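Everything below concerns the one structure shown next.
All values derive from a computational prediction rather than experimental measurement. Worth knowing before you read on, the calculation uses all heavy atoms, side chains too, and leaves out hydrogens, waters and symmetry mates.
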Amino acid sequence: MSAYLIDDPKYAFLKDLGLEKKNIGVFNGKWNANGQVIQSISPANGKVIAEVQGASASDYEACAAAAQDAWHSWADLPAPSRGEIVRQIGDALREKLQPLGQLVSLEMGKILPEAVGEVVEYIHVCDLALGLSRSLPGTVFPSERPGHMLIEKWNPLGAIGIITAFNFPVAVFGWNSAIAMVCGDTSVWKPSETTPLVAVAVTKIVESVLKKNDIPGAVAALCVGGKDIGQQLVQDPRMKLVSFTGSTAVGQQVGVEVQKRFGRHLLELGGNNAIVVNEDANVDLLVSAALFACAGTAGQRCTTTRRMFIHKKLYKEVVSRLAKSFAGVVSKIGDPLEANSLIGPLHTAAAVEAYKKTVAEAVEQGGKIEFGGKVIEREGYFVEPTIVTGLAHDSPLVKSECFAPIVYCIEIPDLDTGIKYNNEVDQGLSSSLFTENLGNVFKWIGPHGSDCGIVNVNIPTNGAEVGGAFGGEKATGGGRECGSDAWKTYMRRSTVTINCSGAIKLAQNIQFGDE
C-alpha cells in the first residue's frame, strides 16, 4: 500500500490540525465511531490523504440523543453568553487559518487564496453572530384591548441537522452553526463524505472552545457518513430543522421527507446562474468579472456562471475576449496549494466524466467549442475552462447544470430577452446584469427583472458577502443563510398576549355571555 499524504512532510499542516493517518469521524462530546472507513482523496493527485472512520446507525443515534440533551443547558444560557462562545470559536479559527485553508485546498481542490477565504468567511459569520447575540429582536405591538400587552417572542428550535456539500466544506457549516448557536440551537453535522478531514479538523477546533468553557461537546456534534446517515438524520423528528446543501434532485427528496414529519427545512440547491450583458456594458469590467465567475473554483461554486446572454452588438467581442482571457489562465491550472495556481482540479474522477460527457453532448447538438473542452493530461482531475456557442437558449443542455467550468454564450437582441432567458430555468440562485444605465438597473432588480435570490449588477454571480441573506428561489430551494433576517429560520416565533387588566376583554369587541 502506498504511503498516505499525511506522512509526507510537505503536508505537515495536517498534523498541526490534530489529524492522524486514521481519524474518528463521530463526535458527541466523545470521539467514537463504528461505521465504514472512508479514504479521503486529494483531487490534485488522486492520492489518499488519510482515513476517517464514519458513523454507524447507532453512532448517529448517540449523536442525536446527545445533541438533544445538550440543548437544554445550551438554550438556558443567555444569548450574549452564547455569542461569547461563538466569538471564541472565531478566534480559534483565526489561529488555525493557514493550516485549515491548506487542508481545504488539499481535500476539496480550490486554490489556497479561495480556501483561506472560505475559513475567513466562517470567521466573519462568527463576528456577525456575536453582534446578533446582543440584538436578537422581540416586538411589542399595540393591543386593542385596555390593560393588555401584545408581544412577539423568539425561542430556540432545539437540535438541528446540518448536511453540507464538498464545495464549501467549512463555510456552509459555519453559516449554519454560528447563527444557530447564538439562537440557542445545538446541531448534528453530516458533512460530505468526500471532505471528511475538513469536518474532523473544524470540529476539533470547535471542541477546544466548548471544552475550555465547560460546554457539552454535543452542542456541535459531528457524524461523518454516507447516504444512510443522511437519511437517518433527515427522517429524525428530533432534528427540528434540516439544513441541506447539495443538488436539486437530492434536495427535493430531503424537503419531502422533512415535510412528511412536519419538520422545517432550509434548502440550498442548484444554480444554473446567468450573466446578462446589455449593449451599454463596460466590457473590460465584464471580462474581468466573467473569468472568476465562470472558471473560478473550476466551476464548482453553487453561484458559478453557467450561461451568458450577450447583446448582439457586443456578442463577438465578448466571446473573443473571454476566450483570450481563458487562454491566459490555462498555464495557471495546477496544484491548488501552489502560489501561482489560479484554477485547481475538479473534485472527483466522476466530475471529470460528467465534464467530458457534457462537452461531447454540446458538440453533438450543434454547439461550437470556442475554447477548452479538454481534460488536462496530468495526475489529478484537471480540465480546461470551456466556452460553448451555437446552442439555443432553451436547449436541454443549457437548461441543465454541469458542475464544471463550462459556460454557454448566447446572443440576445435586447435586455428584456436577456431577463426572460435568465428566468426560464428551474433554478433561481444568482444572476448579474452588466449595464451602465440606471433605468436598466431598476428594471433588473424590480418585479419584472431577475427572479433569483441573488440579483447583482456589474459584479460576478459568485462571491457573496455574509451580511446579506444567501439563497435562491424556485428549484434552488428557497432557503436563506447567513445575514439579514436568516436567523429566523433557526428559531420559533410565539405571539404572546398578556392580560394585566384583571378583566376578560375579547378582541374585535366580541360580546360573549354576561359582562
Side-chain angles (χ1 to χ4, degrees), residues 68 71-72 74-83 128-129 131-161 176 179-186 236-244 252 254-268 428 442 445-449 451-453 455 467-515:
Q68 187 179 41
W71 176 75
H72 295 286
W74 180 247
D76 282 344
L77 278 179
S81 299
R82 298 193 297 258
L128 181 76
L132 178 63
S133 73
R134 290 187 177 272
S135 60
L136 283 167
T139 308
V140 179
F141 299 106
S143 174
E144 66 186 59
R145 292 172 279 187
H148 287 62
M149 294 293 294
L150 182 60
I151 66 176
E152 189 172 77
K153 179 74 168 66
W154 293 87
N155 283 300
L157 278 179
I160 70 168
N176 285 275
I179 302 298
M181 287 182 77
V182 298
C183 289
D185 300 332
T186 59
D236 188 348
R238 290 169 296 187
M239 298 297 110
K240 303 303 182 185
L241 164 72
V242 174
S243 174
F244 173 84
Q252 186 177 46
V254 169
V256 169
E257 287 297 320
V258 174
Q259 183 58 41
K260 280 181 182 178
R261 58 177 178 83
F262 293 101
R264 188 182 297 187
H265 56 66
L266 191 168
L267 303 177
E268 295 286 2
F442 284 101
I445 68 174
H448 301 294
D451 65 359
C452 295
V455 183
F470 181 92
E473 300 297 321
K474 303 187 299 186
T476 301
R480 292 298 187 276
E481 295 168 316
C482 264
S484 184
D485 65 348
W487 59 270
K488 292 179 179 178
T489 304
Y490 305 90
M491 304 194 82
R492 60 177 176 85
R493 169 168 36 192
S494 301
T495 300
V496 182
T497 306
I498 303 172
N499 181 5
C500 309
S501 71
I504 295 299
K505 175 75 172 175
L506 300 180
Q508 292 84 48
N509 294 317
I510 293 173
Q511 305 295 317
F512 189 81
D514 296 333
E515 293 262 335

Let me confirm one number: the [atom1]-[atom2] distance from [X] to [Y], rounded to the nearest 0.5 Å.
X	Y	atom1	atom2	value
F244	E257	CZ	CD	12.5 Å
M491	K153	CE	NZ	6.5 Å
N499	L150	CG	CG	12.0 Å
R492	L241	CZ	CG	14.0 Å
L157	W71	CG	CH2	9.0 Å

Locate the shortest heavy-atom distance separating [X] from [Y]; write the atom from each residue and the value.
X	Y	answer
S501	H148	OG-CE1, 3.8 Å
Y490	L266	OH-CD1, 3.6 Å
I160	A180	CD1-CB, 3.7 Å
F512	L506	CB-CD1, 3.9 Å
G184	P156	O-CB, 3.5 Å

Query raised in the report: Which residues pass the ring-ring contact (aromatic ring centres under 6.0 Å, His included) test with F470, sequence neighbours left out?
Result: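 F470 satisfies ring-ring contact (aromatic ring centres under 6.0 Å, His included) with W175 once adjacent residues are dropped.
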Query - For W74, ring-ring contact (aromatic ring centres under 6.0 Å, His included) partners two or more places apart - result: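 Partners of W74 under the ring-ring contact (aromatic ring centres under 6.0 Å, His included) test: none.
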Query raised in the report: Do E152 and R493 come close enough that some side-chain heavy atom pair is under 4.5 Å?
Result: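 Yes; the side chains approach each other to less than 4.5 Å.
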Side chain to side chain contact (heavy atoms under 4.5 Å, CB included) partners of [X], counting only residues at least two apart:
X	value
H72	none
E144	A507, Q508
I498	M149, I151, V496, C500
A129	V86, A178, I179, V182

Contacts table for residues 132-139: side-chain donor-acceptor under 3.5 angstrom, sequence neighbours left out:
residue: S133; atom: OG; partner: L130; partner atom: O; Å: 2.6
residue: S135; atom: OG; partner: G131; partner atom: O; Å: 3.0

According to side-chain hydrogen bond (donor to acceptor under 3.5 Å, both in side chains), who are the partners of [X], at least two apart in sequence or on a separate chain?
X	value
R145	none
E473	R480
E481	N176, S243
D236	Y60, R238

Requested in this report: Give a yes or no on whether Q259 atom CD has more than 12 heavy-atom contacts from other residues, nucleotides or ligands under 6.0 Å away.
Outcome: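 More than 12 within 6.0 Å, yes.
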Query raised in the report: Does a sphere of radius 6.0 Å around CZ in F141 hold more than 12 heavy atoms from other residues, nucleotides or ligands, not counting ones at 6.0 Å or beyond?
Result: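 Yes, because the 6.0 Å sphere around CZ of F141 holds more than 12 heavy atoms from other groups.
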**Report entry** With sequence neighbours excluded, residues passing salt bridge (Lys or Arg N to Asp or Glu O under 4.0 Å) with K488
**Finding:**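 With neighbours one apart ignored, the set is D485.
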Query raised in the report: Can you tell which of H265, R264, R261 makes a side chain to side chain contact (heavy atoms under 4.5 Å, CB included) with M239?
Result: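 With M239 as partner, H265, R264, R261 yield a single side chain to side chain contact (heavy atoms under 4.5 Å, CB included), made by R261.
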